Each structure stands twice: as C-alpha cells, then as structure tokens.
Amino acid sequence: MEIWSSFRKEAEKLLKEAGYEGMIEDAKEEFGDFTFPCFSLAKERKESPVDIAKDIVEKMEKSEYFEKIENVGPYVNFHINPKKMVREVIEAVRNGSLFKFESKGSAIVEHTSANPTGPLHVGRTRNSIIGDSLARILRRYGYDVKVHYFVNDVGKQVATLLWGAKNISLEEGEEREDYRYVKYYQKAYELLEKNPEIEKEVQDIIWRYERGDAELREMANKYIGGIMRGIEESLRNINIEFDEFVWESSLVEKAKELVKYLEDYLEEDDGAYYVNLKRLGLEGKERLYLYRSDGTTLYPLRDIAYHVYKADKAERNIDVLGEDHKLHFEVIKKLVKLIRPQAKLEALFYSFVKLPEGKMSTRRGTVVYLDDLVREGMKKVEEIIKTREYPEEEKREIIKKVAVGAIRFHILNVQEEKPMTFRWENALNFEGESGPFIQYTHARATSILKKASWVGEYDASIISHPQEIRLVKLMAKYPEVIKEASEKLAPYLVARYAYKLASQFNQFYRDCPVLKAEENTRNLRLAIVSAFRDILKDVLELLGIDAPEKM
RNA sequence: GGGCGCGUGGCCUAGCCAGGAUAGGGCGCUGGCCUUCUAAGUCAGUGAUCGCGGGUUCGAAUCCCGCCGCGCCCGCCA
C-alpha cells in the first residue's frame with residue numbers, strides 16, 4: 001500500500017480540479033512535501049510563473065490530505081496533514097498492508113555462479129550480496145522468486161583443476177575442502193603456463209568428462225562438489241541460500257539438441273561450429289563459438305541451454321552479472337529469443353571490486369577471501385562488545401550478526417555499476433553509513449518498546465513535534481522504495497533508505513523522550529516507535545541483515 | 001581501433017533516467033553533549049572550479065556534441 005503516492009495523487013487531483021495539469025514532485029523539506037514548479041506552464045501560456053502559482057493556490061479546494069497549500073514565488077508547495085498520515089502509516093503497519101503488494105508471477109534470480117575453483121573472494125561476493133538482496137526485494141514486491149546458482153563443472157578452468165588433482169601431489173592440510181583444492185588449481189595453472197602441451201591433456205579431460213567418463217565424474221564429485229560445499233558454507237554465513245543449483249554438465253545433451261534452432265546462422269570452421277553474429281545483426285563480435293573442433297561444447301552453448309531451461313520455468317529471468325558479461329549477455333539473449341521467443345531475460349550488472357594493489361585473481365592468489373573478511377569483522381565486534389554483559393551465547397550471535405551486517409551494507413550502499421576498491425577500514429566500518437549503525441538504531445527502538453507496558457492505543461490527532469512528523473513521512477515512503485528498487489533492479493536504493501530511516505529515528509530519539517513523556521504523547525510516540533521498528537526490521541530483512549534486539 | 005560503464009571536498013558516496021529554489025550524506029580532522037529511553041549515538045565547525053571544453057535552455061551535476069583519465073568487452077576462456 002503506497003501511502004506517500006496516495007497523497008501525491010491527491011495533490012495531482014486538486015491541481016487538476018483547479019484547472020491545471022502537471023507533474024507534482026517531491027519538494028525539498030524546507031518548502032513542504034510536494035511542489036509544483038510553474039515554469040513550463042508559464043512558457044506554454046506566456047504568463048508569469050509567479051502569477052500562475054498564485055492563481056493555482058486561489059482556485060485550489062481544501063483537502064483533508066493537506067494542512068497548507070501555498071505559493072512561494074513560482075512554486076506551489078503542498079504541506080501534508082500529519083494527523084492523517086500518521087494514522088494511515090500506523091494502521092498499515094499494524095494490519096500488514098504496508099508490506100503487501102499484489103502478486104506478480106514467477107521470477108528466477110541467478111547470482112554468484114562463480115567457477116568452483118576455490119573459496120569465494122570478496123570480489124565475487126559483491127555479486128552474491130546484490131543478487132540475494134534483489135531476490136528478497138522482488139519477493140517482497142510480489143514475485144514468486146527462485147534463486148539459482150549455475151555451477152560450471154564442464155569448463156576449462158575446472159578441467160584444469162581436475163588435471164591438477166590427477167597429476168600433482170600436494171600435501172593436503174586439514175582446511176575446508178575449497179581451501180584444500182584451490183591449491184591444485186593454482187599449481188596446475190602455473191604448470192600450464194610453463195608447459196603449453198598440458199593443454200592437450202586438459203582438453204582430453206573436458207572431452208571425456210562431457211561423455212560421462214566414470215573416473216572423472218567421481219573426481220568432479222569430490223573436488224568440484226567439495227569446493228561448492230565450501231562456497232555454500234561461506235555464503236550461508238552471510239545469510240545467502242539458493243533454491244537450485246544447476247550443474248552445466250546436466251545440460252550438455254539438451255544444449256546439443258537446441259543447436260537446430262540456430263542452424264540458419266551456424267557456420268563451420270575446421271570442425272568447430274559458431275554462430276555468425278553479423279548475419280544476426282549483432283555488433284561487437286563476429287563469431288560465437290558453440291563447439292570446439294573436438295566436438296566438446298563451449299560455455300555460450302551451455303549458457304543458452306540454461307537460459308532456455310529457466311525461461312521454461314519462470315516468466316521473468318534476472319541474472320546478476322559482472323560487467324565483463326555485458327556483451328555476452330546481449331548475444332545470449334538474442335539467441336535464446338530465437339529458441340524461446342517469449343523469454344524475458346534481464347540482467348543487473350555490477351562493476352568489479354579490486355584491491356588497492358590491483359585485480360583479484362583466484363588463479364594468482366591475489367584475493368581477500370570472504371571468510372577472512374567475516375572473521376576479521378567478528379574480531380572487531382568482539383572488541384567493542386567485550387565490556388557489555390550479555391550471556392556468552394547471545395554475545396556470539398550478536399558478533400556474527402553485526403559483522404555480517406557491516407559487510408553486506410558496505411556492498412549494498414553503493415550503486416551497482418560503480419567500481420569499488422576494497423579497503424578493510426571501509427568494509428568493516430561500524431559508524432555513520434554502516435550496517436551496525438542501522439542495527440544499533442533497531443536495538444534502541446526495541447529497547448524502548450521492551451520497557452514500555454502499553455496496550456497499543458494512541459491518538460493521532462496530537463502529533464505535533466517536527467521530529468515525529470519527519471519520521472512518519474519517511475516511514476510512509478517505504479512501499480515506494482520497494483517498488484522503485486524492484487522496477488529498476490537496484491537494491492542499493494533500499495540500503496540508502498535504510499540509512500536515512502535509521503538516521504531520522506536517531507534525531508527523533510534525541511529530541512523526543514518516549515517513556516517519560518506525558519501519557520497521550522507517550523502513547524503516540526510508542527505507536528510511532530513500534531511502527532518504525534517493524535518497518536526497519538523489514539528493510540533490514542530485504543538487505544539480508546539480521547536485526548538484533550540488543551547490541 | 002570499435003563498443004559499454006565510471007569520473008562530485010583529502011577519502012567513500014547521493015542527486016543524473018523524468019533539467020529548477022543555498023549540490024545532500026558518510027569517513028577523516030577540530031571542538032561540544034552520557035545523574036534522562038544503549039555514546040556503534042548526537043550537535044557544531046572544516047572542506048567541492050560537480051574530469052575538461054563547447055552547445056541547448058529563463059535555468060545544466062543532470063540533456064546534446066567533442067576531448068581527457070580509469071575499468072570492462074571485442075577468445076575453439078568463462
């Protein structure tokens with residue numbers, strides 16, 4: 001239920017009834033809540049914008065939605081009636097309608113899909129966190145969302161890892177499987193670079209694996225499966241889970257069948273097959289190879305099959321992809337359309353996270369692993385919390401939740417397409433625009449509610465303090481934030497809102513005593529705090545951040 | 001070389017799509033606020049030729065053109 005919009009629509013209605021038409025915009029706070037600038041009308045009518053604004057105000061009917069409508073120079077400014085708004089917000093939170101949207105059908109969000117060659121690093125984690133939050137937001141907005149991970153067990157990188165496992169003997173430590181097996185990958189790549197003839201052996205592994213070689217299948221199970229178990233555990237630690245893992249090898253046969261749909265554009269080169277993209281009217285690349293000369297499939301073909309598979313399962317398909325996939329995605333989309341014309345494929349692209357020293361690479365070991373970031377984060381929280389007297393178990397829970405909150409928020413607070421440089425001090429910042437700041441605010445609000453014995457009654461008509469009003473107005477905008485973030489596939493908008501809302505509450509907290517206020521004021525403020533807390537908790541849930549009641 | 005994206009105070013960032021009222025935040029730094037609901041908070045101060053140059057407009061961080069810097073892509077890798 002979009003309360004803020006309903007007030008805006010009322011303003012538009014009043015304007016229309018006054019004989020004018022135009023877009024009502026949100027105003028800067030000092031000028032009111034909505035504004036209608038009269039410049040473009042002035043141009044059309046060749047009249048002064050100030051005169052038009054005056055005329056509009058004169059002709060405007062009174063409305064219970066607004067306590068004041070006035071013109072300031074060439075602007076018509078609307079001031080919302082806070083009594084009406086606070087009542088609507090509190091009731092919508094209580095009956096749940098603030099969080100409800102009409103159902104919108106099925107969607108698959110695919111994210112992470114990192115090659116299983118080693119533990120997850122923080123660069124890849126940007127993909128995971130964005131994807132996970134996007135899925136949560138779309139779900140809240142009314143989609144029936146399934147989250148997918150496309151496991152590449154067929155490609156060259158993974159074959160190289162298997163080659164390593166077969167041919168290199170390493171001392172395997174006691175670490176988790178992903179940390180153990182990544183060493184084969186790194187060592188194998190090192191050898192491959194020095195001895196190009198190894199390439200043939202790797203190709204042979206791909207060939208045999210695609211044809212179901214029992215020994216290799218078993219190895220894949222052990223090594224790739226093991227690394228995947230590690231990746232899953234790392235992600236579970238930061239509140240990320242999947243509904244389905246689709247292994248590429250399971251789609252190889254299906255992929256081969258689909259090639260017939262592309263025959264018109266298919267050409268041969270020394271036994272290899274490619275799609276002539278030029279003839280398809282695509283630019284930026286001339287050939288898209290689907291088969292190697294030895295008859296094994298290439299990633300684009302398997303990816304096409306995967307997207308066809310998804311298109312058959314859900315109405316909307318959204319991939320979270322690194323910026324390096326932009327061209328690839330456009331091409332795949334076009335080809336999938338030839339096979340499934342109704343397929344609706346979309347992507348959210350994000351820029352890479354680099355280290356101050358440069359790019360991250362699992363191959364070269366120049367990475368910061370997600371697990372290390374979580375561990376360091378937890379150490380830092382522990383340091384802060386150690387003087388507080390909470391039971392040991394509760395303390396451990398808080399430490400984990402806050403560390404994860406800091407990490408997730410740090411990633412989500414920035415527009416996806418902006419490049420990021422990973423810095424420990426920023427990633428684990430607990431002050432200002434940070435996850436812990438928001439969690440702390442939630443704990444404060446919860447603490448007030450716990451101390452109050454209150455039956456839930458309140459009188460909306462006595463709302464008067466500017467901080468009460470500002471907080472309520474911001475709360476009213478929540479549904480619009482969900483809508484915009486969903487439509488634009490932009491989870492960062494929810495993160496920005498979370499911060500603004502928490503920050504606004506802290507100002508209210510400073511200026512408006514709740515428990516010690518006179519009874520009527522106390523009741524109203526408790527109603528506001530309670531609604532605020534429910535909204536903030538929901539916002540945090542969309543960000544995948546836990547909301548501790550104490551910290 | 002061609003295509004796509006990014007460029008806002010010392011650092012990070014919002015605003016750009018739908019052009020308007022003194023360019024918002026945060027970090028850092030300086031100085032205040034805990035006998036009052038958790039100081040992971042809060043207030044004040046500090047600090048910006050919105051990459052550069054043109055154009056459109058009454059009005060440009062925002063739209064258009066050119067240039068510069070950075071990233072990514074243009075593989076029988078994924």
Side-chain angles (χ1 to χ4, degrees), chain A residues 23 25 27-28 30-31 35 37-40 42-43 49 72-75 77 113-115 150 152 154-158 160 203 248 269-274 277 283-294 296-300 302-303 322-328 330 349-352 354 359 380-381 384-385 388 402 406 410 413-415 417-421 423 425-426 429-441 443-452 488 492-493 496 499-500 502-503 505-507 509-517 522 525-526 529 550-551:
Chain A
M23 273 265 291
E25 301 165 16
K28 284 195 171 187
E30 49 190 305
F31 298 113
T35 188
C38 300
F39 300 101
S40 52
K43 199 172 177 183
V72 177
Y75 296 87
N77 295 336
S113 301
N115 280 345
F150 193 36
N152 175 10
V154 187
K156 199 174 189 171
Q157 279 78 356
V158 166
T160 305
Q203 287 303 339
E248 286 192 22
D269 165 28
D270 191 26
Y273 287 89
Y274 62 88
L277 297 177
E283 288 183 15
K285 191 178 167 103
E286 288 184 16
R287 297 173 171 190
L288 183 76
Y289 279 86
L290 303 180
Y291 281 108
R292 294 188 182 87
S293 301
D294 68 358
T296 53
T297 61
L298 285 154
Y299 165 72
R302 302 187 300 267
D303 203 28
E323 56 183 340
D324 56 337
H325 274 60
K326 281 185 180 176
L327 178 58
H328 170 78
E330 281 316 305
F349 295 101
Y350 68 95
S351 290
F352 291 124
K354 60 172 196 218
K359 281 172 82 163
K380 199 177 159 187
V381 183
I384 294 172
I385 207 178
R388 303 190 188 184
V402 173
H410 176 247
N413 194 35
V414 180
Q415 225 177 95
E417 62 269 29
K418 286 242 188 190
M420 271 184 109
T421 302
R423 291 195 174 83
E425 63 272 29
N426 295 346
N429 171 34
F430 294 176
E431 285 164 19
E433 285 179 4
S434 73
F437 170 95
I438 300 165
Q439 292 172 310
Y440 182 73
T441 309
R444 276 181 148 182
T446 304
S447 172
I448 292 175
L449 296 169
K450 274 188 177 163
K451 285 180 178 157
K488 291 182 174 171
Y492 86 95
L493 291 171
R496 307 288 316 176
Y499 172 74
K500 268 207 305 217
S503 174
F505 179 81
N506 283 326
Q507 288 177 44
Y509 184 91
R510 183 192 68 224
D511 296 341
C512 301
V514 177
L515 298 175
K516 292 195 169 152
R522 182 177 189 268
R525 288 182 179 167
L526 281 169
V529 172
K550 288 187 209 164
M551 59 186 279

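First the proteins, then the strands, lettered A, B, ... as listed; each starts at 1. Quick note: numbers below take in every heavy atom, side chains included, and nothing from hydrogens, waters or symmetry partners. Everything quoted here is computed from the prediction, not taken from an experiment.
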Practice task
Taking only the side-chain nitrogens and oxygens of A:N506, find out if one of them lies under 4.0 Å from OP1 or OP2 of B:rU42.
Solution key: yes
Completion exercise
Which of B:rA40, B:rU22, B:rA21 is nearest the side chain of A:A27? It is B:rA21
Handout entry: Centroid-centroid under 6.0 Å between A:Y289 and A:Y299 rings
Key = no
Practice task
Return the orientation label for the A:F505 and A:Y509 ring planes: parallel under 30°, perpendicular over 60°, tilted otherwise.
Solution key: tilted
Practice task
Indicate whether OP1 or OP2 belonging to B:rG41 is found under 4.0 Å from a side-chain N or O atom of A:Q507.
Solution key: no
Handout entry: 5′-ward residue of the pair A:T441/A:K156 relative to RNA chain B
Key = A:T441
Practice task
May I ask you to say what A:D303 touches in the nucleic acid, namely base, sugar-phosphate or nothing, with a heavy-atom cut-off under 4.0 Å?
Solution key: nothing
Exercise for the section: Using a cut-off of strictly less than 4.0 Å, decide whether A:K326 has a side-chain nitrogen or oxygen near OP1 or OP2 of B:rC74. Expected result: no
Handout entry: A:Y509 side chain near B:rC43 phosphate (N/O to OP1/OP2, under 4.0 Å)
Key = no
Exercise for the section: May I ask you to verify whether the side chain of A:T35 and the base of B:rA21 hold a donor-acceptor pair under 3.5 Å? Expected result: yes
Completion exercise
A:L515 CG to B:rU36 P, in whole Å, measures 14 Å
Exercise for the section: May I ask you to verify whether the side chain of A:K285 and the base of B:rC73 hold a donor-acceptor pair under 3.5 Å? Expected result: no
Exercise for the section: Starting from P on B:rG26, measure out to CG on A:N413 and report it in whole angstrom. Expected result: 12 Å
Handout entry: Among B:rA78, B:rC6, B:rC74, the nucleotide that comes nearest once only the side chain of A:L327 is considered
Key = B:rC74
Exercise for the section: Using atom NZ of A:K354 as one end and atom C1' of B:rC72 as the other, report the distance to the nearest whole Å. Expected result: 12 Å
Problem - Presence of A:K43 side-chain N/O under 4.0 Å of B:rU57 phosphate oxygens OP1/OP2 - result: no
Fill in the blank from the handout: Of the candidates B:rC76, B:rG15, B:rU22, the side chain of A:F31 sits closest to B:rU22
Completion exercise
Against the side chain of A:E431, the closest entry in B:rC12, B:rA40, B:rC76 is B:rA40
Problem - Phosphate contact (B:rA78 OP1 or OP2) by A:R292 side-chain N/O below 4.0 Å - result: yes
Practice task
Assess whether one donor atom and one acceptor atom, taken from the side chain of A:S447 and the base of B:rC37, lie less than 3.5 Å apart.
Solution key: no
Exercise for the section: Ignoring the backbone of A:V72, work out which of B:rA21, B:rU13, B:rG20 is nearest its side chain. Expected result: B:rA21
Practice task
With the side chain of A:Y75 defined as its heavy atoms from C-beta on, choose the nearest nucleotide among B:rC17, B:rA21, B:rA78.
Solution key: B:rA21
Handout entry: Residue A:R496, side-chain atoms from C-beta onward, closest of B:rA78, B:rC72, B:rA14
Key = B:rA14
Handout entry: Phosphate OP1/OP2 of B:rA40: any A:R444 side-chain N/O under 4.0 Å
Key = no
Completion exercise
From CZ of A:R510 across to C1' of B:rC34 the rounded distance in Å is 15 Å
Handout entry: Whole angstrom value for the distance that separates P of B:rC16 from OH of A:Y492
Key = 7 Å
Handout entry: Given B:rA40, B:rG7, B:rG5, the nucleotide with the shortest approach to the side chain of A:E417
Key = B:rG5
Exercise for the section: Would you tell me if any nitrogen or oxygen in the side chain of A:R388 comes within less than 4.0 Å of OP1 or OP2 on B:rA40? Expected result: yes
Fill in the blank from the handout: Nearest-nucleotide check on RNA chain B, A:L493 vs A:P513; residue mapping nearer the 5' end is A:L493
